[in-house]
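To start, the structure itself, in structure tokens.
Reminder, nothing fancy here: chain letters follow the sequence lines and each chain counts from 1. Source: prediction; values computed, not measured.
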Amino acid sequence: MPEGPSIIILKELLIDLNLTGKQVVAASGTTTVDLDRIQGQKVSDFKSWGKNFFICFEDFTIQIHLMLFGTYLINERKKQLPRLTIEFEAAEINFYSCVVKIIEEDLSELYDWSADVMSDDWNAETALSKLQALPNALVCDVLLDQKIFSGVGNIIKNEVLYQIRVHPLSVVGALPLKKLKEVVQEARIYSFDFLRWKKDLMLKKKWLAYRKKICLRCDLPILKDNFGKNKRSAYYCVNCQILYTLKDD
DNA sequence: TCTCATGTTTAGGT
DNA sequence: GACCTAAACATGAG
């Protein structure tokens, strides 16, 4: 569930429920963070940075990361005990299977919003510079690097590379500048497509590479391999996606 | 029933 | 220290 655009949906849901500025009536859950601190506090803001979600209070922030299996429910509960429940007078939010932390620092000290592909502060030039500083890295790895493309996950990675016809094992330093710029541009464009399609409940139908068997462009099989530092699933077409490698000698 | 997977950190080895 | 791997966390879909 939780790549960057999914966290935007969560943030928008809570903002639309008019919970900004509202007081927390009760906080509970299996988390080990000090929930007494939240009680009675007013939410100053809901924010996100990539896949991280933040509930901001005057003196501290609750950070929630849904990891691989995390979910949330608004005004509903599962049988399973929530990791964190925050109750307001008019609504409650339940988070399950997530990592909860309390942050004392100013968020801007910890997170650079120019790296968040969903942010108004996203900066494509900065991302390009970061890529150029990693000539030996694989494109399949850099797209998942949260310091460069915060919010991009494995689905977006695969779809971006399919869109721009770049093989996941291509080396950053071997990509022509034009292609490198396409990596940066498409990471943001596809993330917003992802957001729109997920809201319209048609995200899965829009996938062209991820979990696909056949390439719609050429009718040849989409291959699946575990590539890169984290051995994440790569779906790609060897016919349509060009492998850029550095000449070695 | 079994396998797989939209993620990240940390510990330990080489 | 750089680099790599496994483990840990925990759950639903197919």
Side-chain angles (χ1 to χ4, degrees), chain A residues 1-11 13 29-33 48-54 62-73 76-85 94-103 110-112 115-118 133-138 140-163 168-169 171-172 186-213 222-236:
Chain A
M1 149 150 240
E3 296 194 22
S6 301
I7 305 303
I8 298 291
I9 289 173
L10 165 61
K11 181 170 68 174
L13 279 173
T30 60
T31 177
T32 55
V33 307
S48 61
W49 185 80
K51 301 161 190 168
N52 295 274
F53 181 61
F54 304 104
I62 302 286
Q63 176 182 34
I64 293 162
H65 198 301
L66 296 175
M67 307 300 281
L68 206 54
F69 308 125
T71 53
Y72 63 86
L73 284 176
E76 282 183 89
R77 290 190 188 192
K78 299 187 186 193
K79 285 179 186 170
Q80 173 197 354
L81 286 175
R83 178 65 42 84
L84 175 65
T85 296
N94 296 297
F95 294 97
Y96 302 87
S97 317
C98 57
V99 176
V100 180
K101 286 178 187 165
I102 289 190
I103 295 177
L110 300 178
Y111 299 103
D112 175 6
D116 182 346
V117 292
M118 302 304 296
L134 296 169
N136 296 315
L138 303 177
C140 62
D141 280 334
V142 292
L143 272 167
L144 292 175
D145 187 332
Q146 300 299 294
K147 290 198 161 63
I148 306 175
F149 297 106
S150 175
V152 170
N154 205 34
I155 297 174
I156 296 174
K157 175 199 82 179
N158 280 299
E159 295 296 323
V160 164
L161 292 175
Y162 183 81
Q163 286 292 338
L169 289 180
V171 178
V172 170
E186 190 62 27
R188 178 159 166 101
I189 291 169
Y190 192 85
S191 294
F192 278 89
D193 286 342
F194 184 121
L195 173 64
R196 190 173 72 250
W197 292 331
K198 189 167 176 79
K199 284 179 177 175
D200 293 343
L201 305 177
M202 57 193 306
L203 178 64
K204 288 182 184 179
K205 288 179 185 161
K206 292 290 184 179
W207 290 339
L208 300 180
Y210 182 74
R211 290 189 178 172
K212 303 304 282 188
K213 303 281 190 204
I222 295 275
L223 302 187
K224 177 179 180 287
D225 281 294
N226 296 107
F227 285 153
K229 281 181 187 171
N230 306 328
K231 302 267 195 296
R232 302 299 302 280
S233 304
Y235 296 83
Y236 61 103

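For the pair K229(A) and C98(A), nearest-nucleotide mapping onto DNA chain C gives the more 5' position to K229(A). Between Q146(A) and S233(A), the residue anchored nearer the 5' end of DNA chain B, judged by the nucleotide with its closest heavy atom, is S233(A).
Taking side-chain N and O atoms only, R83(A) has no distance below 4.0 Å to OP1 or OP2 of dC9(C). In terms of phosphate contacts, K231(A) brings a side-chain nitrogen or oxygen within less than 4.0 Å of OP1 or OP2 of dT5(C).
A donor-acceptor contact shorter than 3.5 Å links the side chain of E3(A) to the backbone of N154(A). With hydrogens and angles disregarded, no donor-acceptor distance shorter than 3.5 Å links the side chain of Y190(A) to the backbone of V152(A).
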Got a list of protein N/O to nucleotides 12-14 of chain C N/O distances below 3.5 Å?
residue: dG12(C); atom: OP1; partner: K78(A); partner atom: NZ; Å: 3.1

Any protein N or O atoms within reach of nucleotides 9-14 of chain B? Criterion: under 3.5 Å, listing atom names and distances.
none

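Counting non-hydrogen atoms under 4.0 angstrom, Y96(A) reaches nothing in the nucleic acid. Counting any heavy atom pair closer than 4.0 Å across all strands shown, K51(A) reaches sugar-phosphate atoms only and no base atom.
The CG atom of L203(A) sits 9 Å away from the C1' atom of dT6(B) (whole-angstrom rounding). Spacing between atom CD of E3(A) and atom C1' of dA5(B) amounts to 12 Å, rounded to whole angstrom units. Rounded to an integer number of Å, the gap from CG of L143(A) to C1' of dG7(B) is 16 Å. Note: CG (L68(A)) to C1' (dT8(B)) measures 10 Å, nearest angstrom. If you measure from atom CZ of F69(A) to atom C1' of dG7(B), you get 9 Å, rounded to the nearest angstrom. Atom CG in N226(A) sits roughly 16 Å away from atom P in dT3(B) (whole-Å rounding). F53(A) places its CZ atom 19 Å from the P atom of dG7(B), with the value rounded to the nearest Å. With rounding to whole Å, K224(A) atom NZ is found 8 Å from dC4(B) atom C1'.
Centroid-to-centroid, the aromatic rings of F53(A) and Y72(A) stay 6.0 Å apart or farther. Two rings, from Y236(A) and F227(A), have their centers less than 6.0 Å apart.
Smallest separation of non-hydrogen atoms from I9(A) and L195(A): CG1-CD1, 3.5 Å. Here the closest non-hydrogen pair linking I156(A) and F194(A) is CG1-CD1, 3.6 Å.
Going from the P atom of dC9(C) to that of dT1(B) covers 24 Å, rounded to whole Å.
Every side chain to side chain contact (heavy atoms under 4.5 Å, CB included) that I102(A) has, sequence neighbours left out, goes to V33(A), R37(A), F60(A), I62(A), E104(A). For R188(A), the side chain to side chain contact (heavy atoms under 4.5 Å, CB included) partners two or more places apart in sequence, or in a different chain, are W122(A), F192(A). For L134(A), the side chain to side chain contact (heavy atoms under 4.5 Å, CB included) criterion is met by A137(A), V142(A), I148(A), not counting sequence neighbours.
Between V99(A) and M67(A) there is a side-chain heavy-atom pair separated by less than 4.5 Å. Within the 4.5 Å cutoff, the side chain of I155(A) has heavy atoms near those of the W207(A) side chain.
In DNA chain B, the stems built from three or more successive Watson-Crick or G-U pairs (distances below 3.5 Å) are B:2-5 with C:11-14, B:7-14 with C:2-9.
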Dump the intermediate steps for side chain to side chain donor-acceptor pair (under 3.5 Å) on K101(A) and T31(A), then the final yes or no. CA-CA 9 Å; K101(A) 286 178 187 165; T31(A) 177; over 6 Å; no
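Among dT8(B), dT6(B), dA5(B), the nucleotide with an atom closest to any side-chain atom of N154(A) is dT6(B).
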